[in-house]
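Within every chain, numbering begins at 1; the chains are lettered A, B, ... in the order of the sequence lines, protein sequences first and strands thereafter. All values below come from the heavy atoms of this structure, side chains included, with hydrogens, waters and symmetry mates left out.
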Amino acid sequence: MAASRGTVVGSLLLRYGNKFAGSHIVATTVGRQPVRRQICTSCCLLRKNLAAAGPEKFTEEFIKKQVEEFNIGKRHLANMMGEDPENFTQEDIDRCIRYLFPSGLFEKKARPIMKHPDEVFPRQTAIQWGQDGRPFHFLFFTGKQSYYSLMHDIYEKTLAVERHQDRLRNKSLFTQDTKQISLVGSRWLRKEELEELLVEDISDYDYARFIQLMERLLSMPYSALEEESVQHYRRQLEVQSSKQEIPPLQHDQQGAAFSTAVGRRKTATASVVLRDGGSGKVTINGKDHLQFFPVLQDREQLMFPLHFADSLGRFDVEGSVSGGGHSAQAGALRLALARCLLTFSPEGKVEHMRQAGLLTADPRVKERKKPGQAKARKKFTWKKR
Amino acid sequence: MSSMASGILTKVISGLRCPRFTAAALSCSGQAYSTAALPKAVVTPNDITVDSDKLLNVPLSQPDFFRVSELFSLKDLFDARVHLGHKKGCRHRLMEPYLFGSRLEVDVIDLEQTVEHLQLALNFTAHVAFRGGLILFVSRRRQFGHLVERTARECGEYAHTRYWQGGLLTNATIQYGPGVRLPDLVVFLSTLNNVFQPHTAIRDAAKMNIPTVGVVDTNCNPSLITYPVPANDDTPAAMELYCRLFKMTINRAKDKRKQLELLRGLGPAASK
């Protein structure tokens, strides 16, 4: 009986880790001999309420230990692979891990990784109060100290600008035409970026109030006083056209300039060679474009990039296309032709073409048929009874 | 008034044998978790030296040890327009004892009563600050929110002038984490919230056994506040006066504490 209870205790200890599981041993004295009574408590009491615990918290020593282990492990790995431990970068680590632990899993995040603990463990706030229990931050009891202290500081800046304006008004030096902060080409911080900055969760309402306060600061004529702090909360917008891949300009044996590009639409693929110094001749799969595309719409689609770039009579077009129907082939040729034209067009024209939609590949493909339905969207006849 | 003050203080002090249990005694009766998870070893009253005990009893020797009555006079209150209340229609029934009268339907607060109450409140605040207590300033008026936060920051205490989430005091372990220390005193610079109803913190502080000091205007309910101060909370001049007074008392009390510790040769380890 005692033995079986002991094994139950042992198994419970295994299941619930370090928690004192199963039975509590209470020592009482009966006469002069201590008697050990086993009080069995239900294992339900020991089950942790995982939901109420919240996200797992890591202490500072734990993170420091992880960092040390990572650094030592990095050196071991370098030694194992016969590389230099001093100049072992993250790409080298990834390469070696991929070699040592080859994984066929499709989900990239499920494959084995070895990264610095700062990238693995989420950034957490340390304990907010000292030894005597006094919190460090004066807005600790609001619950969202970083966010509210940010609002407090920005409001203080607003007051400082107002005081400056009042001083200038007193000296009658106030003018409306002062240097304003330039906001062109930048955007406000997004909500996720602000949360990351503050290491705190904020609601949509809080974010809206933050943007409102910043806009109020900017609406004042002398807001240029606080320019650096405002720019801290703005991010530069990337110019989309700078990411565009332009096909290289090539020269054939006669010295004429030409460029090649590929375009796709539905299941049609087209490849186009655009030659400079031509007469506006268009050949597709060896045939003339009038013969290949009897439909006017397809010919319009084909000519649109040249028409947009005002170079209808300048280039010679040689295209080859396969797959798809006539519309898809026309669309594929149009995309390929537009990409070729990028080589011959100046910087501003690239952005114009991008905004006209000439450089965007049409993502629409045929939707798959689903089981239980006749086609992709068409359902079988619905009968009430 | 002085006997009443010392009576209240002795009742409070009798529960405070150890300064480290100040929070437990004042903040949460019976709930040991707010101080249970402190990273130090278990503290017994025997650890406290006789010196620090005597140090804590020094301010109790005189009725107005911190001389708070010298910080302001009735004339200062009048100049800051502290006596102006709201209209007769806004009057709260329980504020009638504190009113001097009414003129053209505008209520006028009795400044002599205000002086007594304010002295009591400032004296209590000074004693709490002397013992290293946590003071939380609460006000939900948008006009003076920044002022209150600045006051709290300048005297090294805490402020809450934002939306009050339900469980900030009553659900503290889950809100902030285990082992948090709750405020030992809550000072209301305006008792009402944005919809002209009593602030939730009054009821929560009373639930958690935290003493409160509050500036009650003629449209407020002074019932649950430990040290009500019948005064005007709408005028900027009056609010600036209160902030200045509280800041001066707290700074004075803290400086006195440091001074006494230096005199007795006790290090900062005893200041708990």
Side-chain angles (χ1 to χ4, degrees), chain A residues 48-49 51-61 124-163 198-210 212-213 216-217, chain B residues 19-24 27 34-40 132-138 142 145-169 171-184 186 201 204 210 268-272:
Chain A
K48 289 193 263 199
N49 189 354
E56 209 182 330
K57 300 245 168 29
F58 306 106
T59 48
E60 276 221 34
E61 315 106 55
Q124 273 168 354
T125 44
I127 288 285
Q128 311 275 7
W129 52 86
Q131 283 283 354
D132 57 352
R134 288 189 78 100
F136 300 125
H137 202 276
F138 75 108
L139 290 175
F140 170 77
F141 288 106
T142 55
K144 298 186 233 180
Q145 62 180 54
S146 343
Y147 169 72
Y148 285 131
S149 104
L150 173 69
M151 298 292 274
H152 178 86
D153 293 333
I154 297 171
Y155 187 69
E156 200 146 331
K157 293 191 171 74
T158 320
L159 290 177
V161 172
E162 268 181 22
R163 262 181 267 130
L198 298 175
V199 195
E200 226 172 41
D201 293 325
I202 52 175
S203 71
D204 290 332
Y205 176 76
D206 293 334
Y207 176 69
R209 295 288 286 198
F210 165 71
Q212 235 176 14
L213 187 59
R216 188 175 152 193
L217 175 59
Chain B
R20 233 173 256 129
F21 289 123
T22 307
S27 330
S34 82
T35 50
L38 279 175
K40 295 193 78 174
L134 247 70
I135 301 176
L136 181 66
F137 288 91
V138 173
R142 271 195 67 181
H146 186 84
L147 171 69
V148 170
E149 285 183 344
R150 207 174 54 221
T151 315
R153 195 177 54 190
E154 280 163 11
C155 46
E157 299 296 338
Y158 308 87
H160 186 106
T161 58
R162 309 286 176 166
Y163 176 73
W164 181 271
Q165 279 180 307
L168 287 181
L169 289 182
N171 201 15
T173 26
I174 298 178
Q175 190 80 35
Y176 305 115
V180 69
R181 186 179 153 184
L182 288 178
D184 301 306
V186 180
D204 285 352
I210 302 174
S271 65
K272 295 235 171 64

> Which atom pair, heavy atoms only, marks the closest approach of B:R181 to A:R134?
Replying inline: NH1-CG, 4.1 Å
> Excluding sequence neighbours, so at least two apart, what forms side chain to side chain donor-acceptor pair (under 3.5 Å) with A:S146?
Replying inline: A:E200
>> I need the minimum non-hydrogen distance between A:F138 and B:E157, along with the two atoms involved.
In response: CB-O, 3.5 Å
>> With a 4.5 angstrom heavy-atom cut-off, is it the side chain or the backbone of B:L134 that approaches chain A, or both, or neither?
In response: both
>> How about OH on B:Y163, more than 12 heavy atoms from neighbouring residues, nucleotides or ligands closer than 6.0 Å, or not?
In response: no
>> Looking at every heavy atom in both B:Q165 and A:T142, which two are closest together, and how far apart are they?
In response: OE1-O, 4.0 Å
> Taking only residues two or more places apart in sequence or in another chain, which ones pass side chain to side chain donor-acceptor pair (under 3.5 Å) with A:K144?
Replying inline: A:D206
>> At a 4.5 Å cut-off on heavy atoms, which part of A:Q128 comes close to chain B: side chain, backbone, both, or neither?
In response: neither
> In Å and rounded to the nearest 0.5 Å, what is the CZ to CG distance from B:R150 to A:L159?
Replying inline: 7.5 Å
> Can you say whether the rings of B:Y158 and A:F141 are parallel (under 30°), tilted (30 to 60°) or perpendicular (over 60°)?
Replying inline: perpendicular
> Looking only at heavy atoms, which two atoms of B:R153 and A:D153 are closest? And how far apart?
Replying inline: NH1-OD1, 4.4 Å
> Checking heavy atoms, do the side chain of B:E149, its backbone, both or neither come under 4.5 Å from chain A?
Replying inline: both
